[in-house]
Amino acid sequence: MAAELTATPEQLEAAVASLRAGELVAFPTETVYGLGADARNPAAVRRIFEVKGRPAHHPVIVHLARLGQLRDWARDVPPAALLLAQRFWPGPLTLVLPRAPGVSDAVTGGQDTVALRVPSHPMAQQLLVAFQSGIAAPSANRYGRVSPTRAEHVREELGSAVKVILDGGDCPIGLESTIVSFQVGRARLLRPGAVTAEQIRQVVGELEVGADEASPRVPGSTAAHYAPATPLTIVPAAQLDAQVAASARSAPVAVLAWRPPLEALAAVTWINAGKIAARYGHDLYNHLRTLDKAGCRRILVQEVPEGEDWVAIRDRLRRAAAGAGLEDAETEVEAT
Ligand code: TXA
Ligand code: MG
């Protein structure tokens, strides 16, 4: 049976009670599943890090029910940030702003900024409205690994460590939110997502892209994130069939492509994810999980097409290639 998009009153009550008791609740958003804790309870937020296996100094996003709560969490909201919030919230955009007094170091990783987002998923909205305060939540995966886009991914990965998992089915976007920071009022894109750089420029005018020295730390921006355990290589589109054939001679190989294979090959698990970016992005993490479990020595990914729609996908694939197969990806490649 397909999962419902809304929670029952009983499920909601149990989730809110857990949050109030300092426990963790996994919940769906339109991007990926989050692992939530009461953002005003530092001990509960620290528990997120334990369960994820994430280093404690990493900041997490605070999820809010509505824009009206912004000033409880951010002490300074530049006009351009407010315009972005008005345009894209609720939705897959995170704003990094100077934190308000009282926002805990557990949430911000000790930085002077806080990341904020109003998700649009109906179940996330229900939870946030019922909870009436901020929910700190990173993606509900083990640190450095592929984000969960279905409740069963959360169960698989975090198991009994999380008692309450709200099941809202498949996340409609499937890739993490776009992150924009404001340093001295200037907008900077820290992580590409479904809200594109072009859409942001239309609202704020100038947008710098990528982290610089002065940018806040974004651990999800280090190379080794979003990675499967099997080594993953991105292959230029024109070389795909030759490389697959060569690899398959010595060991089973998994392939993520945007077209079918030219010929059927034994020892090849081939997923054709298609050429529509929104669909490709929606399915990406699920496909990587499937291929990771296919018992292959390598995953070969056909380089994706050019274009704005593919920027976030390209970014996640590049990180997956950098981090895949490393036993302890974070400690080896973590830059901050
Ligand atoms: O779509 C999403 O953003 C999902 C859903 C659950 O909302 N969340 C998510 O959280 O992807 P997480 O923790 O996996 O990635 C959030 C990123 C991290 O790379 C973190 O470093 C960055 O946001 N971040 C959080 N607070 C920050 C801050 N104050 N300054 C800079 N980066 C920050
Ligand atoms: Mg994450």
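Throughout, numbering of the chain's residues begins at 1 and tracks the sequence. Every number for a ligand or one of its atoms is a count from 1 in the order of the listing. Side chains are part of it too, since the values below use all heavy atoms of this structure and drop only hydrogens, waters and symmetry mates.
Residue S177 has at least one N or O atom closer than 3.5 Å to an N or O atom of ligand 1. In terms of N/O distances under 3.5 Å, ligand 1 is approached by R191. Among the atoms of Q111, none of the N or O lies under 3.5 angstrom from an N or O of ligand 1. Taking any N or O of T113, backbone or side chain, at least one lies under 3.5 Å from an N or O belonging to ligand 1.
Residue L93 holds its CG atom at 10.5 Å from CZ of R191, rounded to the nearest 0.5 Å.
The atoms of ligand 1 that sit less than 4.0 Å from any heavy atom of G34 are 6 (C). Close approach of ligand 1 to H63 is summarised as follows: ligand atoms under 4.0 Å from at least one heavy atom of the residue are 5 (C), 6 (C), 7 (O). Counting the atoms of ligand 1 from 1 in the order shown, those under 4.0 Å from a heavy atom of I61 are 3 (O), 8 (N), 9 (C), 10 (O), 16 (C). Which parts of ligand 1 touch P138 is read off a 4.0 Å heavy-atom cut-off, strictly below it: atoms 10 (O), 12 (P), 13 (O). Counting atoms of ligand 1 from 1 in the listed order, those under 4.0 Å from a heavy atom of I179 are 17 (C), 23 (O).
Contacts between T108 and ligand 1, counted as non-hydrogen atom pairs separated by less than 4.0 Å, are absent for every part of the residue. Neither the backbone nor the side chain of R99 has a heavy atom within less than 4.0 Å of ligand 1.
Heavy atoms of H58 stay at 4.0 angstrom or farther from ligand 1. For the pair V96 and ligand 1, a heavy-atom separation below 4.0 Å is found. For the ligand labelled ligand 1, residue R54 lies inside the 4.0 Å heavy-atom shell.
Side-chain contact annotation: T108 with R99, donor-acceptor N/O pair under 3.5 Å present. No side-chain donor-acceptor contact under 3.5 Å links E157 and Y33. Side-chain atoms of S177 and T94 include a donor-acceptor pair closer than 3.5 Å.
Residues forming a side-chain hydrogen bond (donor to acceptor under 3.5 Å, both in side chains) with Q243 (at least two apart in sequence, or on another chain): Q239.
When atom types are taken as modelled, the side chain of S120 and the backbone of G91 share no donor-acceptor pair closer than 3.5 angstrom.
The hydrophobic cluster analysis finds I61 isolated: no Ile, Leu, Val, Met, Phe, Trp or Tyr side chain comes under 4.5 Å of it, directly or through other members.
Of the candidates S139, G36, P98, the one placing a heavy atom closest to atom 9 (C) of ligand 1 is S139.
Taking 2.8 Å as the criterion, S139 counts as a coordinating residue of the Mg ion (ligand 2), since one of its N, O or S atoms falls below it.
In this structure, R279 forms no cation-pi arrangement with W310, as its terminal cationic atom is not both closer than 6.0 Å to the ring centre and no more than 45° off the ring axis.
Remark: R201 CZ is packed, more than 12 non-hydrogen atoms of other residues, nucleotides or ligands lying under 6.0 Å away.
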Salt bridge (charged side-chain N to carboxylate O under 4.0 Å, His left out) evaluation trace for R289 with D283: CA-CA 10 Å; R289 279 171 197 275; D283 295 338; over 6 Å; no
